[in-house]
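Shown next, in structure tokens, is the structure this report addresses.
Every chain is numbered from 1, with letters handed out A, B, ... down the list of sequences. Hydrogens, waters and symmetry mates are skipped; everything else that's a heavy atom, side chains included, is used.
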Amino acid sequence: MRWSNLFIPTLRDAPADAEAASHKLLIQGGFIRQLHAGHYSLLPLGLKVHEKVAAIVRDEMNGIGGQEFLLPGMHPASIWKKSGRWDVMGDEMFRVIDRKGAENALGMTHEEIFTDLALEITSYKSIPQIWYQIQWKFRDEPRPKSGLLRVREFAMKDSYSFDIDEAGLDKNFDLHHHAYVRIFKALGLPAMPVEASSGAMGGSGSTEFMVPSPAGEDDVVHCPNCDYAANVERATSALPAIEDRDLPELTRFPTPGVRTIAALEQVDGGAPADQQIKTMVMVLDGAITLALVRGDHKLNLQKLQDHSGAIEIRPATPEEALEHLGASPGSLGAVQVQGLRIIADPALQGRAGLTTGANEDDWHWTGVDVARDIAVDEWADLREVGAGESCTTCATALVVTRCIEAGHIFKLGTQYAEVLGAHVLDPDGTKRTLVMGSYGIGIGRGMAAAAETHHDDNGLIWPLSIAPYEAVVTVVSMKDEASVAAGEELYKGLRQSGIDVLLDDRDARAGVKFADAELIGIPYRVTIGPKTLADGEVEFTPRASGETSRVAIDAVVDQLAAAIIAKR
RNA sequence: CGGGACGUGGCGCAGCUCGGUAGCGCACCUGCUUUGGGAGCAGGGGGUCGGGAGUUCAAAUCUCCCCGUCCCGACCA
């Protein structure tokens, strides 16, 4: 394409309210424009990148035997009610009423709809199936942010596998896992597979593909020595044993003004944080619940949600705490509490001589023996792992890294097939429920993650695989006829070699052209100007290194074609 | 949903405290000069000041309500 004919509205300044690098650069480079919060228009340059990302994903899905579909974006409420997720999805689901007064959902994922189609799989002979689509999802996110990283409307590649047993599911899960590794490598994303929480998808297990970036929204715990890596929502670590204090008597003691773990460490009769019980009063689907962790530990809400199966989860208000426990936050505890669900972290199991709130303002207990004094209903891993704790398999200090979730794959099992009635007959003529997996990659998010990963002070540095153009021919002066003619010739030659090339034929100053080419991140630049043309040469500048070399004009097409084709 | 910031030509901002006829930079149009790293001079076009109500002779400016955006926390590709 010729730059003079393209709509590439680059901006001299990055938008002031953007924070994330990808957000700034995609807007500044003329790739995207915001319509409103969480909704972006893809401009011609942005669409080219988006389509290249989609093409890579599509190739790999086809490579593992995936069949491409395209399903509706709007669904009748009935199918979501049938699966139970009409309620589970809550405010995150866009709902629209049609002229007949019927409820509809804008699709936020497609397990239900694909499963509905899978009702027509009737025999084990048709198994396995991998079905996928690249299609728009709508999610009423509580907080859209960071440009394309978190939006309310986005293209997702979602695929679904159908098997007759767990072994089949495992195989398809692995196929997807490996396909995802190849996809992220091709996108230039250093994604690491990590153990994850399944959230609203349910199922028996899931793996996220995480790209390290300060713009991310998840923390990943990983071991620099062995393979262990998990989302903090799921991660565990080894804890050194703690020696209990010898305080056999349950004793109340006054703690005027003490409201925090730290203050309780200092006060007379107090205790170090690891000898305390932290009592978090939570509301799980409307029910007051006590979540207990060791005083120096942090409660991870997702872990609590996963364990409890609650849909809505929030900390109780001070008023609710007062009503149910008789004291305000800072003096709360679970000792001798009855009639409330109590979930405790295993780090408290068997502990004694502990200190905790006495459910009366300005009073605490000491000498608490968990087994004796607290009616724990359930033990569950609730504790959030911190950096520096020990790996459970190799004892190495764990590292915590902020990451973007670029992909997520789930072992769903039979839950959807069961409620929607997707069964097949096996060789014995026995009815079997389909065992499903579902697998997602956000296309725009992948594009933004690549922008986060590949940029410098001058702009984007797209990986060749997803660059909007592979090369740009920059004609330094459109007034110089020889340059213009050479540029046209080169443009033609590169196109004939199958290279996706952009000709910068704008009547602009050289500085503007160079700056724009760098901002939009074209991997290779060929500069044609009177300075070198007199010697029969042009300049060749890879975006990543910025190092310019002179090349004979007759050789440049072959050289560039060789470089690009070798890297494809 | 809680906390903070903000909304003024296409983009970035000033003006608001103390009400008085809307301004700057970039971009855009015309001309001349310039031309290898975001040119210079001259001339020019373009704004319901987020919306509504109120106070006032007079509102971008003061008051109230609403809407929207961004950032920080609880949610997910």
Side-chain angles (χ1 to χ4, degrees), chain A residues 9-20 23 27-28 30 33-39 53 57 89-92 108-109 134-159 180 191 196-201 206 208-211 216-218 231 233 282 299-302 304-305 311-315 317 404-410 438-449 458 474-480 483 507-519 527-533 539 541 546 548:
Chain A
T10 58
L11 304 176
R12 181 170 293 221
D13 302 308
D17 53 11
E19 203 63 36
H23 186 192
I27 287 177
Q28 201 184 345
R33 285 294 183 264
Q34 182 184 54
L35 178 61
H36 69 145
H39 301 265
V53 172
V57 172
M89 291 309 191
D91 290 336
E92 195 136 331
M108 49 194 300
T109 178
I134 294 175
Q135 191 255 14
W136 293 89
K137 307 298 184 210
F138 297 87
R139 297 184 184 179
D140 194 355
E141 292 289 341
R143 182 152 108 80
K145 57 177 285 205
S146 306
L148 254 31
L149 279 175
R150 169 150 239 96
V151 293
R152 304 204 302 173
E153 174 183 356
F154 61 98
M156 177 163 96
K157 184 290 294 176
D158 47 322
S159 49
Y180 274 38
S197 155
S198 303
M201 281 311 168
S206 77
E208 288 172 325
F209 291 82
M210 302 300 251
V211 177
E217 302 178 82
D218 284 89
N231 194 306
E233 296 170 355
M282 305 298 297
L299 172 69
N300 184 289
L301 290 184
Q302 186 67 45
L304 179 60
Q305 183 158 29
I311 293 167
E312 197 202 344
I313 179 166
R314 63 174 175 85
T317 61
I404 297 167
E405 182 189 353
H408 199 163
I409 59 178
F410 301 86
S438 84
Y439 316 88
I441 290 181
I443 305 299
R445 183 123 113 195
M447 174 176 163
N458 295 326
T474 301
V475 179
V476 165
S477 170
M478 294 302 288
K479 298 280 190 299
D480 180 52
S483 294
D507 186 16
R509 300 174 72 84
V512 172
K513 295 188 172 194
F514 294 149
D516 275 345
E518 283 156 14
L519 175 62
T527 308
I528 299 184
K531 222 165 69 179
T532 60
L533 204 53
E539 286 157 315
T541 313
T548 295

Provide the Watson-Crick or G-U wobble partner of C32(B), both distances under 3.5 Å; none if there is no partner.
-> G40(B)
Length of the CZ-P vector between R509(A) and A27(B), whole Å | 11 Å
Would you call P530(A) and S483(A) a side-chain contact if the rule is heavy atoms closer than 4.5 Å?
-> yes
Is R445(A) side chain donor-acceptor paired with the C76(B) base, going by distance under 3.5 Å alone?
-> yes
Nearest listed nucleotide, side chain of A16(A), among C70(B), C13(B), G38(B) = C13(B)
Counting just side-chain N and O atoms, does K145(A) come under 4.0 Å of either OP1 or OP2 of C75(B)?
-> no
Ignoring hydrogens and angles, answer whether the base of G38(B) and the side-chain atoms of E518(A) contain a donor-acceptor pair closer than 3.5 Å.
-> no
Ring-on-base stacking G38(B) with F514(A) (under 5.5 Å, under 30°) = no
May I ask you to check whether over 12 heavy atoms, not counting those of D91(A), lie within 6.0 Å of atom CG?
-> no
With respect to the phosphate group of C76(B), does any side-chain polar atom (N or O) of H408(A) fall under 4.0 Å of OP1 or OP2?
-> no
With rounding to whole Å, what would you report as the distance between C62(B) and C70(B) at their P atoms?
-> 25 Å
Given atom CZ of R143(A) and atom P of G73(B), what is their separation to the nearest angstrom?
-> 7 Å
Does R150(A) get its side chain close enough to the base of C76(B), under 3.5 Å, for a donor-acceptor pair?
-> yes
Can you tell me how far C1' in G73(B) sits from the matching atom in C49(B), rounded to whole Å?
-> 33 Å
Electrostatic pair E217(A)-R150(A), nearest N-O below 4.0 angstrom = yes
Closest-nucleotide 5' rank along RNA chain B - winner of L519(A) and I441(A) | L519(A)
Assign each of V476(A) and D218(A) to its nearest nucleotide of RNA chain B by heavy atoms, then name whichever residue's nucleotide is nearer the 5' end.
-> V476(A)
Touch class at under 4.0 angstrom, heavy-atom based, for Q34(A) against every strand present = sugar-phosphate
